[in-house]
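Position 1 is the first residue of the sequence; numbering continues from there.
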Amino acid sequence: MILHTDVRGEGTPLMLFHSFGNTGSSIYEEVMQFFVDKKYQVFRPDLRGHGGSAGEIKNYFSYAADDVKDTLDSFGIKKCHIAGVSYGGIEVLLFAQKYPEYVSSLTVSGIFPIKPADWEQSEQEEAEGLKSILSNSDIASILDEMHGAGDWRSLFQSVIDNKEAYPFDQVSNVSDISVPMLCISGGSSEKEVANALDFKRLNPEIHISVIPFAGHLVSEDQPLIYAQTLHCFIGEVEGNKKKGTDLS
């Protein structure tokens, strides 16, 4: 499926994938502007079921890699830098695993390679929060306007009903990842820091960065530092490519 995508700027292609419940144009605003000013063309897709991207949401992550590929193909992009946070981070990792030939570099944030000990409790707390949103008409009307064609209610309900299992097996399958990869974590969250360290233990070639005064949505909590970190990583990848060395 071709994802509805906000496109800004001209230059080196960079795709930024949003978190659960958001849209491409509802986050990454400062990050997008930073890279547009640096002569990048920034693509911010709406994930399946979000914003302008409709489509089947059952077995949600089974579509992830092909949705990204179809979207890149629709723009004629053969290779690009790609980053994602939370749900978007899972999507880009699954894409890089299946279609590494499209990926110049991969950056993830807010995803779990190892199941935390308190995962069931966290899931229950998230479900209660989503139930509150669904029952709040004011918030629901805002989300209706934000998501348009996206079936956000069914998506939220699938999480409440625990129908979409978190793909820990796939997220942890990074021992032989073949593209340069960076995990950026928020330093204010012990869990987020643990995620970065877990990735490093699973594959010592994965690069990690911890940004202070940021939590799960590190790109929103500290957008400028996030953008600078991502830009530095991309620069190193491009520089090493020119020198004939490899960061992966």
*Donor on one side chain, acceptor on other, Glu125 and Gln121, under 3.5 Å*: yes
*Between Ser105 and His81, does any side-chain donor sit less than 3.5 Å from a side-chain acceptor?*
yes
*Just wondering, do His4 and Pro45 contact through their side chains at under 4.5 Å, heavy atoms?*
no
*Any idea which heavy atoms bring Ala140 and Trp152 closest together, and the distance?*
O-CZ2, 3.6 Å
*Taking C-beta and beyond as the side chain, do Cys232 and Thr229 meet within less than 4.5 Å on heavy atoms?*
no
*Any side-chain donor paired with an acceptor under 3.5 Å for Ser62 and Asn59?*
no
*Non-hydrogen side-chain atoms of Val171 and Phe61 separated by less than 4.5 Å*: no
*Hey, quick one: are Met32 and Ile225 part of the same hydrophobic cluster, counting side-chain heavy atoms closer than 4.5 Å, chains of contacts allowed?*
yes
*Rounded to the nearest 0.5 Å, what separation is found between the CG atom of Leu182 and the CD1 atom of Ile184?*
4.5 Å
_Taking CD in Glu29 as the centre, count heavy atoms belonging to other residues, nucleotides or ligands within less than 6.0 Å. Is the count above 12?_
yes
_So which atom in Ala127 and which in Ile160 form the shortest heavy-atom distance, rounded to 0.1 Å?_
O-CG1, 3.8 Å
*So, for Ala83 and Tyr28, which heavy atoms are closest and what is the spacing to 0.1 Å?*
O-OH, 4.2 Å
*Side-chain (Arg48) to main-chain (Glu56) donor-acceptor, under 3.5 angstrom*: yes
_Would you say Trp119 ends up clustered with Val159 if hydrophobic residues are merged whenever their side chains have heavy atoms under 4.5 Å apart, either directly or through other cluster members?_
yes
_side chain to side chain contact (heavy atoms under 4.5 Å, CB included) between Leu202 and Ser175, worked out_ = CA-CA 6 Å; Leu202 289 166; Ser175 61; 6.0 Å; no
*Any idea which heavy atoms bring Glu192 and Gly186 closest together, and the distance?*
CB-O, 3.6 Å
*Would you mind reporting whether Leu14 and Ile82 have side-chain heavy atoms less than 4.5 Å apart?*
no
Review item, side-chain donor-acceptor pairs of residues 85-98, under 3.5 Å, at least two apart:
from	atom 1	to	atom 2	distance (Å)
Ser86	OG	His216	NE2	3.0
Gln97	NE2	Gln170	O	2.8
Gln97	NE2	Asn173	O	3.0
Lys98	NZ	Asp66	OD1	3.4
Lys98	NZ	Asp66	OD2	3.3

_What's the separation between atom NZ in Lys69 and atom CD1 in Ile2, rounded to the nearest 0.5 Å?_
10.5 Å
*asked:* If hydrophobic clusters are built from ILVMFWY residues whose side chains come within less than 4.5 Å, do Val218 and Leu224 share one?
replied: yes
*Hey, is the main chain of Ile111 close enough, under 3.5 Å, to the side chain of Asn195 for a donor-acceptor pair?*
yes
*Would a 4.5 Å heavy-atom cut-off, applied to side chains only, mark Ile77 and Phe43 as touching?*
yes
*For the residue pair Asp161 and Ser158, confirm or rule out a side-chain donor-acceptor distance under 3.5 Å.*
no
*Taking atom types as modelled, find out whether Ser122 and Lys191 have a side-chain donor-acceptor pair closer than 3.5 angstrom.*
yes
_Looking at Glu101, I want to see if its CD is surrounded by more than 12 non-hydrogen atoms of other residues, nucleotides or ligands under 6.0 Å._
yes
*Do the side chain of Asp70 and the main chain of Met1 share a donor and acceptor less than 3.5 angstrom apart?*
yes
*How about Phe156 and Phe20: are their ring centroids closer than 6.0 Å?*
yes
*asked:* Can you tell me how the ring of Phe35 sits relative to the ring of Tyr40, calling it parallel under 30°, perpendicular over 60° and tilted otherwise?
replied: perpendicular
_I'd like to know if the side chain of Thr5 and the backbone of Leu3 have a donor-acceptor N/O pair within less than 3.5 Å._
yes
*According to a 4.5 Å side-chain heavy-atom criterion applied to Ile, Leu, Val, Met, Phe, Trp and Tyr, with indirect links allowed, do Ile114 and Leu197 form part of one hydrophobic cluster?*
no
*Could you tell me the separation between the OG1 atom of Thr107 and the CG atom of Leu16, rounded to the nearest 0.5 Å?*
9.5 Å
*Is there a side-chain contact between Asp144 and Arg153 (heavy atoms, below 4.5 Å)?*
yes
*Going through the distances and angles, do Asp151 and Leu155 end up as a side chain to side chain contact (heavy atoms under 4.5 Å, CB included)?*
CA-CA 6 Å; Asp151 189 5; Leu155 191 61; over 6 Å; no
*Does any N or O in the side chain of Asp46 come within less than 3.5 Å of the main-chain N or O of Thr23, such that one atom is a donor and the other an acceptor?*
no
*Supply the atom-to-atom distance Ile208 CD1 to Met181 CE, rounded to the nearest 0.5 angstrom.*
11.0 Å
*Which heavy atom of Asp67 sits nearest a heavy atom of Thr71, and at what distance?*
O-OG1, 2.7 Å
_Under 3.5 Å donor-acceptor, Asp198 side chain and Pro113 backbone_ = no
*Okay, side chain of Ser135, backbone of Ser132: is any donor-acceptor separation there less than 3.5 Å?*
yes
_Evaluation steps, side chain to side chain contact (heavy atoms under 4.5 Å, CB included), between Val103 and Lys79_ = CA-CA 5 Å; Val103 183; Lys79 199 154 190 168; 5.8 Å; no
*Full working for side chain to side chain contact (heavy atoms under 4.5 Å, CB included) between Leu72 and Cys80*: CA-CA 9 Å; Leu72 284 170; Cys80 72; 3.8 Å; yes
*Hydrophobic cluster identity match, Ile57 and Leu134, side-chain contacts under 4.5 Å*: yes
*Interatomic spacing from NZ in Lys38 to NE2 in His231 - rounded to 0.5 Å*: 5.0 Å
*Where do Ser104 and Pro180 come nearest, in terms of heavy atoms and distance?*
O-CD, 3.5 Å
_Whether Tyr102 and Tyr99 hold their rings parallel, tilted or perpendicular, with breakpoints at 30° and 60°_ = perpendicular
*Are the side chain of Lys39 and the backbone of Thr12 linked by a donor-acceptor contact shorter than 3.5 Å?*
no
_Strictly by salt bridge (charged side-chain N to carboxylate O under 4.0 Å, His left out), give each pair with a member in residues 2-24 just once, sequence neighbours left out._
Asp6-Arg8, Asp6-Arg44
*What is the distance from atom CG of Leu217 to atom NE2 of His18, rounded to the nearest 0.5 Å?*
12.0 Å
*asked:* Against the six-membered ring of Phe112, is Lys115 placed for a cation-pi contact (under 6.0 Å from the centre, within 45° of the normal)?
replied: no
*With no hydrogens and no angle check, is any side-chain donor or acceptor of His50 less than 3.5 Å from a backbone partner on Gly21?*
yes
